[in-house]
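Below you'll find the structure, written out as structure tokens, and then a few comments.
Order of appearance sets the numbers: ligands from 1, and atoms from 1 within every ligand. Below, each value reflects all heavy atoms present in this structure, side chains not excepted, and no hydrogens, waters or symmetry copies.
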Amino acid sequence: MTKDEIIKKHKQYLFPSISLYYTDPLVTDHASMQHLWDVEGNKYLDFFGGIVTISVGHCNPRVTSKVKAQIDRLQHASTVFPNEAVVALAEKIAQITPGEISCSFFSNSGTEANETAVQIARMFTGNFEVVALRHGYSGRSQMAQSMTAHSAWRKSLTVPAAGFVHALNPYCYRCPLGKTYPSCEVACAQDVEAVIQTTTSGQIAAFLAEPIQGVGGFITPPKEYFKIVFKIVKDYGGLFIADEVQTAWGRTGKRWFGIEQWEVTPDIITSAKGLANGAPVGLTATRPEIAASFKGLQISTFGGNPVTSVAAKATIDLIEEDHLMDNAATVGAYYREGLESLKEKHELVGDVRGMGLLQAIELVKDRVTKEPAPEATNQFMEECRKRGLIVGKGGLFANVIRTSPPLNIGKSDVDEAIRIMDEALVAISPALAGAAGRR
Ligand SMILES: Cc1ncc(COP(=O)(O)O)c(C=O)c1O
């Protein structure tokens with residue numbers, strides 16, 4: 001099929017709610033490691049990795065060779081029969097998860113992983129209410145949408161599931177309390193207690209949050225935030241659920257899980273995306289006594305599928321063997337310097353944030369008023385694409401450029417990305433280029 005035929009059929013046969021990047025959609029053809037090609041043969045440096053999912057490079061042969069062998073051996077048997085691939089993966093996860101987390105439930109997506117986590121937290125604690133954070137994203141089911149706190153993702157006219165309340169998020173660049181860190185003394189963390197006291201029965205099943213909010217625009221809390229919240233959650237009977245759909249598997253550098261950066265040991269970890277380098281997977285991992293509290297039966301037809309499990313185990317092994325958590329820290333720090341230099345140079349860049357190889361820039365029309373610049377964000381993406389770089393977008397105001405390249409990129413890839421971003425910023429703000437320092 002030609003590019004135009006694919007776009008035409010996409011419009012005709014798929015839900016229009018599936019929004020596409022770019023005015024002229026990028027029709028993918030094939031990919032290898034950090035590069036992706038469209039059907040017209042254009043090559044791109046992929047700094048979004050299929051939405052924070054390509055951990056070790058597109059079609060990495062060290063993953064795909066194992067996947068291919070497994071497909072020829074056993075594609076599917078369902079959860080009612082054990083298989084070697086799923087137990088090997090679960091054992092590996094038990095070895096690397098923090099604290100006493102050692103039991104896994106596999107499903108197909110981050111949405112299901114979060115649903116499972118909430119269900120089990122309710123069964124374990126006997127409590128019902130769950131505290132989530134504003135600007136968070138938890139998935140697309142009714143329950144996950146009810147935890148999600150972005151109006152754009154809550155428009156399905158589904159009656160919101162009961163029992164979910166939202167606390168202020170630790171968004172220092174746009175502090176919801178109008179304060180400044182560190183003189184604020186992380187006052188936003190106390191809002192979790194106020195929300196529990198005023199909008200719940202006073203005993204909660206769980207608190208669920210992303211260690212760095214992904215769709216929200218890589219909102220990175222002050223280092224004390226989750227420690228304070230953890231104590232509050234425990235005081236009110238809840239389990240702490242770390243939604244690691246975007247932050248796990250070494251992405252934030254040095255540690256397997258984003259929550260470990262904040263020195264908190266969660267009760268439950270959920271994940272998906274980068275775990276299997278592109279194979280569909282959902283994970284809910286917890287301590288044995290919590291896992292044992294699940295009442296009744298459950299299956300997930302495809303959960304723990306041997307092919308997906310092999311992909312996930314091969315991805316984790318590769319991250320370990322090639323020390324990619326260290327690479328994410330080192331190359332991530334180098335990348336961060338480059339992004340900070342763009343902020344120095346271009347007024348449009350209001351904030352740079354993230355950790356490791358999870359880095360974002362927030363674009364604003366004015367650095368003083370911080371008025372979001374969503375149109376410039378779209379233009380920036382178009383200009384990057386023209387020059388061969390793919391980046392992602394996010395944020396409540398659609399003005400945050402999100403980047404999450406494979407964990408095995410090198411400094412030369414960063415140099416290329418920063419050069420292209422610089423050119424893109426010059427292209428969209430010629431009058432402002434080089435005007436840094438005026439404010
Ligand atoms: C933090 C977080 N949780 C949950 C989800 C839902 O995952 P999925 O799209 O696999 O259902 C996402 C997806 O972007 C996410 O970013």
Which donor-acceptor pairs under 3.5 Å do the side chains of residues 394-405 make with protein atoms, sequence neighbours left out?
{"residue": "Asn399", "atom": "ND2", "partner": "Glu362", "partner atom": "OE2", "Å": "3.2"}
{"residue": "Asn399", "atom": "ND2", "partner": "Leu363", "partner atom": "O", "Å": "2.9"}
{"residue": "Arg402", "atom": "NE", "partner": "Lys393", "partner atom": "O", "Å": "3.0"}
{"residue": "Arg402", "atom": "NH1", "partner": "Gly214", "partner atom": "O", "Å": "3.4"}
{"residue": "Arg402", "atom": "NH1", "partner": "Gln246", "partner atom": "OE1", "Å": "3.3"}
{"residue": "Arg402", "atom": "NH2", "partner": "Lys393", "partner atom": "O", "Å": "3.3"}
{"residue": "Thr403", "atom": "OG1", "partner": "Tyr335", "partner atom": "OH", "Å": "2.8"}
{"residue": "Thr403", "atom": "OG1", "partner": "Gln359", "partner atom": "O", "Å": "2.6"}
{"residue": "Ser404", "atom": "OG", "partner": "Phe48", "partner atom": "O", "Å": "3.1"}

With ring pair (Phe, Tyr, Trp, His ring centres under 6.0 Å) as the criterion, how do Tyr137 and Trp153 come out once you've worked through the C-alpha distance, each side chain's angles and the decisive distance to 0.1 Å? CA-CA 8 Å; Tyr137 181 86; Trp153 301 103; 5.3 Å; yes
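- Listed by number with element, the atoms of ligand 1 under 4.0 Å from a non-hydrogen atom of Glu210 are 1 (C).
- Residue Ser138 touches ligand 1 through its backbone alone, judged by heavy-atom distances below 4.0 Å.
- Residue-level proximity to ligand 1 for Val52 is absent, since no heavy atom of it falls below 4.0 angstrom.
- Judged by distance alone, the side chains of Asn114 and Asp243 do bring a donor and an acceptor atom under 3.5 Å apart.
- Remark: Lys234 fails to qualify as a cation-pi partner of Phe240 under the 6.0 Å distance and 45° angle criteria applied to the six-membered ring.
- Considering Ile51, Thr111, Asp243 only, the shortest heavy-atom separation from atom 9 (O) of ligand 1 involves Thr111.
- When each atom of ligand 1 is checked for a heavy atom of Lys273 under 4.0 Å away, the hits are 13 (C), 14 (O), 16 (O).
- Donor-acceptor pairing under 3.5 Å is lacking for the side chains of Asp46 and His35.
- In summary, the aromatic rings of Phe230 and Trp262 are positioned with their centroids too far apart to meet the 6.0 Å limit.
- Contacts between Glu112 and ligand 1 below 4.0 angstrom, taking non-hydrogen atoms only, are absent altogether.
- At a cut-off of 3.5 Å, with distance as the only test, a side-chain donor of Glu193 or Tyr236 sits close to an acceptor on the other residue.
- Close approach to Gly139 involves these atoms of ligand 1, each under 4.0 Å from a residue heavy atom: 6 (C).
- In this structure, atom 16 (O) of ligand 1 lies nearest to the protein heavy atom Gln246 NE2, 2.7 Å.
- The protein heavy-atom contact nearest to atom 2 (C) of ligand 1 is Tyr137 O, 3.3 Å.
- Every atom of ligand 1 is numbered from 1 in the order shown, and the set under 4.0 Å from a heavy atom of Asn114 is 3 (N), 4 (C).
- Counting protein heavy atoms only, atom 10 (O) of ligand 1 is closest to Gly110 N, 2.8 Å.
- For the residue pair Ser141 and Glu115, a side-chain donor N or O sits within less than 3.5 Å of a side-chain acceptor on the partner.
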